[in-house]
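One structure is given below, encoded as structure tokens.
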Amino acid sequence: MKAAVVYCSQTGSTKTYADWMAEELSCTPEPLDRIEAVATDAELVVFASWFHAASIKGAKRFQAYMAKHPEKRYAVIAVGATPMPCDLWPASEHEEAFRRSFPADSYPDLPWVYCRGGFHFERLGVMDKIAMRIYFKMLEDEIARGNEREKISLAGMHEGFDGCNRSYLEPLLEQLGCGDNRRLS
Ligand SMILES: Cc1cc2nc3c(=O)[nH]c(=O)nc-3n(C[C@H](O)[C@H](O)[C@H](O)COP(=O)(O)O)c2cc1C
């Protein structure tokens with residue numbers, strides 16, 4: 001099956017996942033802007049993008065393409081700074097955030113996966129730096145109220161981190177039928 005991988009990435013984490021996914025699917029990842037050109041012959045189109053204030057960058061553009069080409073298969077890799085599902089960050093929160101951009105009633109069968117990216121303050125654009133400074137201040141207020149999650153989040157973002165891990169793509173590869181044997185069904 002011919003596949004295409006398109007992505008949005010500001011600081012490089014999502015591009016890392018797009019590179020890994022494209023390797024799995026034997027194609028070359030391209031920026032979302034090039035979707036019309038690179039997805040023409042693809043039967044499967046994978047969109048990798050990052051959470052920006054709880055919505056997924058470029059989702060509207062990708063959805064417009066999906067609507068124009070209902071004959072293709074699609075999948076989404078959603079990248080964020082939030083840790084992978086665990087006691088403090090249950091999977092339901094990732095699902096809720098994803099569903100703000102891809103509501104279940106409109107996209108009930110869309111395969112997707114959450115992958116933790118990274119945080120690199122110095123690589124952010126000016127507006128995002130301002131937004132993050134405001135967000136850091138909000139986190140500090142929460143920490144002063146004894147909130148443990150905010151403490152962990154702020155520490156990670158102050159230091160910066162790369163949380164990318166290729167294994168986080170496994171659930172999506174399995175959903176697409178290219179799990180262990182790496183063959184699309
Ligand atoms: C302004 C801004 C808002 C963000 N909002 C969220 C968010 O709502 N949830 C989340 O998990 N990560 C959020 N992040 C973190 C990014 O999704 C994360 O750093 C991601 O790895 C960036 O991908 P990139 O390296 O491909 O640009 C935000 C980052 C910025 C700069």
Side-chain angles (χ1 to χ4, degrees), residues 4-25 27-35 38 45-63 75-104 110 112-143 147-172:
V5 174
V6 291
Y7 66 90
C8 293
S9 181
Q10 177 173 218
T11 68
S13 306
T14 313
K15 169 75 163 59
T16 298
Y17 285 107
D19 287 346
W20 284 333
M21 192 66 192
E23 233 177 81
E24 297 287 349
L25 299 174
C27 60
T28 306
E30 297 278 357
L32 176 64
D33 284 352
R34 292 193 22 82
I35 190 166
V38 299
V45 186
V46 180
F47 172 50
S49 187
W50 55 289
F51 279 109
H52 182 267
S55 71
I56 296 176
K57 276 269 180 190
K60 291 270 181 290
R61 171 92 194 259
F62 183 66
Q63 287 161 0
V76 177
I77 299 168
V79 177
T82 308
M84 294 302 284
C86 58
D87 286 349
L88 276 179
W89 281 274
S92 56
E93 289 189 16
H94 300 80
E95 171 88 22
E96 199 182 307
F98 178 78
R99 290 298 171 199
R100 268 187 219 125
S101 294
F102 289 91
L110 177 66
W112 73 278
V113 71
Y114 176 77
C115 295
R116 191 180 201 200
F119 190 77
H120 307 279
F121 186 84
E122 72 290 352
R123 297 183 203 164
L124 295 177
V126 178
M127 296 310 288
D128 281 345
K129 277 188 175 141
I130 294 169
M132 288 316 289
R133 285 206 179 94
I134 295 167
Y135 183 57
F136 289 166
K137 178 75 186 70
M138 283 165 55
L139 291 180
E140 276 160 18
D141 293 346
E142 286 300 320
I143 292 164
N147 203 322
E148 189 58 24
R149 277 183 20 151
E150 276 68 9
K151 200 170 160 184
I152 297 169
S153 297
L154 188 63
M157 288 192 278
H158 265 164
E159 282 174 29
F161 66 91
D162 177 359
C164 297
N165 187 320
R166 191 168 180 146
S167 70
Y168 298 156
L169 290 173
E170 286 294 333
L172 183 64

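Here the structure is a predicted model, which means the values were calculated and not measured. Counting starts at 1 for both ligands and their atoms, in listed order.
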So Phe62 and Val45, do their side chains get closer than 4.5 Å, heavy atoms only?
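Side chain of Val45 against side chain of Phe62, heavy atoms only: contact under 4.5 Å found.
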
N/O pairs closer than 3.5 Å, ligand 1 and protein:
residue	atom	partner	partner atom	Å
ligand 1	5 (N)	Ala53	N	2.8
ligand 1	8 (O)	Ala54	N	2.7
ligand 1	11 (O)	Ala81	N	3.1
ligand 1	11 (O)	Thr82	N	3.2
ligand 1	11 (O)	Thr82	OG1	2.6
ligand 1	12 (N)	Ala81	N	3.1
ligand 1	14 (N)	Phe51	O	3.3
ligand 1	17 (O)	Phe51	O	2.7
ligand 1	19 (O)	Gly118	O	2.5
ligand 1	21 (O)	Gly118	N	3.1
ligand 1	21 (O)	Gly118	O	3.1
ligand 1	23 (O)	Thr14	OG1	3.4
ligand 1	25 (O)	Thr11	N	3.4
ligand 1	25 (O)	Thr11	OG1	2.4
ligand 1	25 (O)	Gly12	N	3.1
ligand 1	25 (O)	Ser13	N	2.8
ligand 1	25 (O)	Ser13	OG	3.2
ligand 1	26 (O)	Ser9	OG	2.6
ligand 1	26 (O)	Ser13	N	3.4
ligand 1	26 (O)	Thr14	N	2.8
ligand 1	26 (O)	Thr14	OG1	2.6
ligand 1	27 (O)	Gln10	N	2.7
ligand 1	27 (O)	Thr11	N	2.7
ligand 1	27 (O)	Thr11	OG1	3.4

So, using ring pair (Phe, Tyr, Trp, His ring centres under 6.0 Å) as the criterion, who are the partners of Tyr114 when residues are at least two apart?
His94

Could I get the full list of side-chain contact (heavy atoms from CB on, under 4.5 Å) partners for Met132, not counting sequence neighbours?
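Expected list: Phe119, Phe121, Leu124, Tyr135, Phe136, Met157.
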
Sequence-distant partners of Glu93, side-chain contact (heavy atoms from CB on, under 4.5 Å), two or more places apart:
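If we apply the side-chain contact (heavy atoms from CB on, under 4.5 Å) test to Glu93, skipping adjacent residues, the hits are Trp89, Pro90, Arg149.
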
How close do Asn165 and Tyr17 get, heavy atom to heavy atom, and via which atoms?
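For Asn165 versus Tyr17, the nearest heavy atoms are N-OH, 2.9 Å.
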
Say whether, by atom type as modelled, one donor and one acceptor occur between the side chain of Thr14 and the main chain of Gln10 under 3.5 angstrom.
no

